[in-house]
Participant: 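Let me give you the structure first, and then I'll get to my questions.
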Amino acid sequence: MSTIYRLLLTDGQKEIFTAVSKYFNSRLSYIPMDLILGFFVTAILNRFYTIYRIIGFMDNIALLTSVYVRGTTPRAIYFRRGIIRFVQINQVLVFRDLSMRARKRFPTLDTVVAAGFMTEHEKERFDEIQYRFSKYWLPIQWALATAYNARREGYIESDYYTEFLSQEIKQFRTDIAWLCNYDWVPLPLIYPTIVCLLVHAYFFVCVFARQFTGEKIDLIFPFMTSIQFILYMGWLKVGEQLLNPWGEDDDDFETNMLVDRNLAMGLKIVDEGYGRTPELKRDQFWDSEWEPTASMAHMDVAPEGSTLKDVKLSSSVSMVRMVPQASSAYLTRVESRSKLVPVKPEETRRMSTLDVLKVWTSRRGSVMQNAPSACSSRRGSVMMSQFNNTITTVDERIESGMSRDPSVAELRSSVEVFRLPLLLLFDFDAFAFRSSKENGTRPTLLFSRDRVRRDGRS
């Protein structure tokens, strides 16, 4: 548009175009795009997070079932596992009708049986009821009936426990039912259509209204309007992406993962979690005065993902020291003691030679930042002693067997190479400092404070 205005239009046409551009620009506020687009995205985000909150997690039902359904007999185990599996069948049946991922995994009811969620005789009972509406409620009825039978046979000790467990199962069913309701009654189709038309119409008008026609600052390309276009169109695309979270996009719900997670978590809780409560013994906080402790271990490698569950100690660490974190005034009344906690091999990760060099480089950089502004031979000897201590520490770890990583030994040979060059550099700075002091000139030092601050990490 700017090219047409500058190269193809005559002077009279340019005046008309300028008048039209100013007219449109002065009335762009008539289109309430911020208000309408904001309400649209807010409504979709609220809908998205509400669906996520009620999508259904098995943890509470499994925990209550493990606590309230008592017994180690096969019958008691059948009751606990049956409640979990029946509730999970309800979620599988609903996800088949909502999520394309689940539909592809379970295209028919026989595939649900083949996957192990439902047995053959349960499917026969399920098929006995035939009518034109969904039968999502039937597995929930089985779960409630199983809890009632467990109470009747004495595996649940109180009616209150049965009621509490039944309420949790009913809440799970209610949440799943609300998922069906949200899918049954989506946002009106005209709503996203109007918002999409509004945004595109707004920027179509901006093509004419945001041109530079005779201003003091003449920019051929409207940069600020382009930035506004990217932001508002991105905002619109976020709302359109979250409008249906049951698809197969990367940002949609991982329904298959949730089904597997719920079943595995529920069965693990009611099987291995039952009857394994540790014996109550005297703990270390029994006394009225105790001091909190914290680990002195350092995670040398930063995590790459969004969570920290995969971050482990380096394989060179075999012991973690726990030290008191109390204040000095408190430590005068309580005897502070540190503890060494052994580290298992599965709790560590192997550090590569590059990782070890990064750790040593960072420590070396901190030493170099403490270099004096004028390096004397005494200062150089102090820094060399710190460097020698680093080598000694590596040797001690290798000899004591605390370092299981062979890359630490490789680092030991690499660090030794730096010893002679550092000695020469320190001697050069000491000679330059003495010479400049005798001549009354300012010395040029390799390890001056300014230079270390500038490139001390290099």
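The shown structure was predicted, so the numbers you read here are calculated from the model rather than taken from an experiment.
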Participant: Taking CH2 in W137 as the centre, count heavy atoms belonging to other residues, nucleotides or ligands within less than 6.0 Å. Is the count above 12?
Facilitator: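 Buried by this count: over 12 neighbours within 6.0 Å.
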Participant: Yes or no on side-chain contact (heavy atoms from CB on, under 4.5 Å) for V195 and L37, after CA distance, side-chain angles and deciding distance?
Facilitator: CA-CA 6 Å; V195 174; L37 185 59; 3.7 Å; yes
Participant: Looking at side-chain heavy atoms only, is the closest gap between Y202 and V199 below 4.5 Å?
Facilitator: no
Participant: Mark yes or no for whether Y161, through its side chain, and T65, through its backbone, hold a donor-acceptor pair below 3.5 Å.
Facilitator: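 A pair under 3.5 Å: no.
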Participant: Return yes if some donor-acceptor pair links the side-chain N/O of R173 with the main-chain N/O of I169 below 3.5 Å, else return no.
Facilitator: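 Answer holds: no.
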Participant: Between M33 and I36, does a side-chain contact (heavy atoms from CB on, under 4.5 Å) hold up when you go through it step by step?
Facilitator: CA-CA 5 Å; M33 188 176 65; I36 297 179; over 6 Å; no
Participant: Can you confirm whether K123 sits close enough to D110 that some side-chain heavy atom of one is under 4.5 Å from a side-chain heavy atom of the other?
Facilitator: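 Yes, side chains in contact.
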Participant: How about L93 and L109: do any of their side-chain heavy atoms sit closer than 4.5 Å?
Facilitator: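 L93 reaches L109 side chain to side chain.
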Participant: Taking side chain as C-beta onward, heavy atoms only, is I84 less than 4.5 Å from M58?
Facilitator: yes
Participant: Distance check, rounded to the nearest 0.5 Å: N149 atom CG versus F79 atom CZ?
Facilitator: 5.5 Å
Participant: Can you confirm whether more than 12 heavy atoms, excluding those of D250, are under 6.0 Å from its CG atom?
Facilitator: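 No, because the 6.0 Å sphere around CG of D250 holds 12 heavy atoms or fewer from other groups.
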Participant: Heavy atoms only: give me the nearest P139-N90 pair and the separation to one decimal.
Facilitator: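 Taking every non-hydrogen atom into account, CB-N, 3.9 Å.
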Participant: With a 4.5 Å cut-off on side-chain heavy atoms, are Y182 and I54 touching?
Facilitator: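 Yes, close enough: below the 4.5 Å cut-off.
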Participant: Using modelled atom types only, decide if a donor and an acceptor are shared between the side chain of K268 and the backbone of G273 within a distance under 3.5 Å.
Facilitator: no
Participant: Should D249 and Q241 count as side-chain neighbours, where that means a heavy-atom distance under 4.5 Å?
Facilitator: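 In short, these two side chains touch, coming nearer than 4.5 Å.
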Participant: Report yes or no: does R96 contribute a side-chain atom to a donor-acceptor pair with the main-chain N or O of P107 at less than 3.5 Å?
Facilitator: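 Yes.
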Participant: Work out which heavy atom in D59 is nearest to a heavy atom in M265; give both atom names and the distance.
Facilitator: OD1-CG, 4.2 Å
Participant: Where the side chain of N262 meets the backbone of G56, is there a donor-acceptor pair that is under 3.5 Å apart?
Facilitator: yes
Participant: Hey, what do you get for SG (C196) to NE2 (H200), rounding to the nearest 0.5 Å?
Facilitator: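 Result: 4.5 Å between the selected atoms.
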Participant: So with a 6.0 Å cut-off around CE of M233, is the heavy-atom count from everything else above 12?
Facilitator: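 Yes, the 6.0 Å shell around CE holds more than 12 heavy atoms from other groups.
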Participant: Supply the atom-to-atom distance T162 OG1 to Y148 OH, rounded to the nearest 0.5 angstrom.
Facilitator: 10.0 Å
Participant: Can you list every pair that meets salt bridge (Lys or Arg N to Asp or Glu O under 4.0 Å) and has a residue in residues 76-95, with sequence neighbours left out?
Facilitator: R81-D271, R85-E122
Participant: Side chains of F48 and F253: does their closest heavy-atom pair fall under 4.5 Å?
Facilitator: yes
Participant: Please round to the nearest 0.5 Å and tell me the distance separating atom OG1 of T72 and atom CZ of R75.
Facilitator: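 Atom-to-atom, T72:OG1 and R75:CZ are 15.0 Å apart.
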Participant: I want to check something: taking the side chain as every heavy atom from C-beta on, are F95 and L179 in contact at a cut-off of under 4.5 Å?
Facilitator: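 SC-SC contact between F95 and L179 confirmed.
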Participant: Any idea how Y232 and F203 line up, ring-wise: parallel (<30°), tilted (30 to 60°), or perpendicular (>60°)?
Facilitator: tilted
Participant: So which heavy atom on I269 is nearest to which on S66, and how close?
Facilitator: O-OG, 3.5 Å
Participant: Give me the atom names and distance for the closest heavy-atom approach of Q91 to I55.
Facilitator: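 Heavy atoms only, the tightest pair is NE2-O, 3.0 Å.
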Participant: With rounding to the nearest 0.5 Å, note down the distance linking CD1 in I140 to CD1 in I83.
Facilitator: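 Answer rounded to 0.5 Å: 11.0 Å.
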Participant: Could you go step by step and tell me if F106 and F117 meet the ring-ring contact (aromatic ring centres under 6.0 Å, His included) rule?
Facilitator: CA-CA 11 Å; F106 307 110; F117 291 91; 5.7 Å; yes
Participant: Compute whether any side-chain donor of one residue and acceptor of the other, for Q171 and Q167, lie under 3.5 angstrom apart.
Facilitator: no
Participant: Please step through side-chain contact (heavy atoms from CB on, under 4.5 Å) for the pair Y274 and I77, ending with a clear verdict.
Facilitator: CA-CA 10 Å; Y274 176 78; I77 297 176; over 6 Å; no
Participant: Working to the nearest 0.5 Å, report the span between OG of S158 and CD of E163.
Facilitator: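 If I round to the nearest 0.5 Å, the distance is 10.5 Å.
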Participant: Could you go step by step and tell me if V259 and L263 meet the side-chain contact (heavy atoms from CB on, under 4.5 Å) rule?
Facilitator: CA-CA 6 Å; V259 167; L263 184 64; 5.7 Å; no
Participant: Does a salt bridge link K104 with E248, judged by any charged N lying under 4.0 Å from a carboxylate O?
Facilitator: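 Salt bridge present between K104 and E248.
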Participant: Please report the shortest heavy-atom distance between Y136 and C180, naming the atom on each side.
Facilitator: CE1-SG, 3.8 Å
Participant: Could you tell me whether a side-chain N or O of E157 sits under 3.5 Å from a main-chain N or O of G154, the two making a donor and an acceptor?
Facilitator: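 Side chain of E157 to backbone of G154: no pair is present.
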Participant: I'd like to know if R53 pairs up with D175 as an ion pair, taking the criterion as any Lys NZ or Arg NE/NH1/NH2 lying under 4.0 Å from an Asp or Glu carboxylate oxygen.
Facilitator: no
Participant: Please tell me whether Y68 and Y155 form a close aromatic pair, meaning their ring centres lie under 6.0 Å apart.
Facilitator: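 They do not qualify: ring centres at least 6.0 Å apart.
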Participant: What pair of heavy atoms forms the shortest contact from R125 to L138, and how long is it?
Facilitator: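 Minimum heavy-atom separation between R125 and L138: O-CD2, 4.3 Å.
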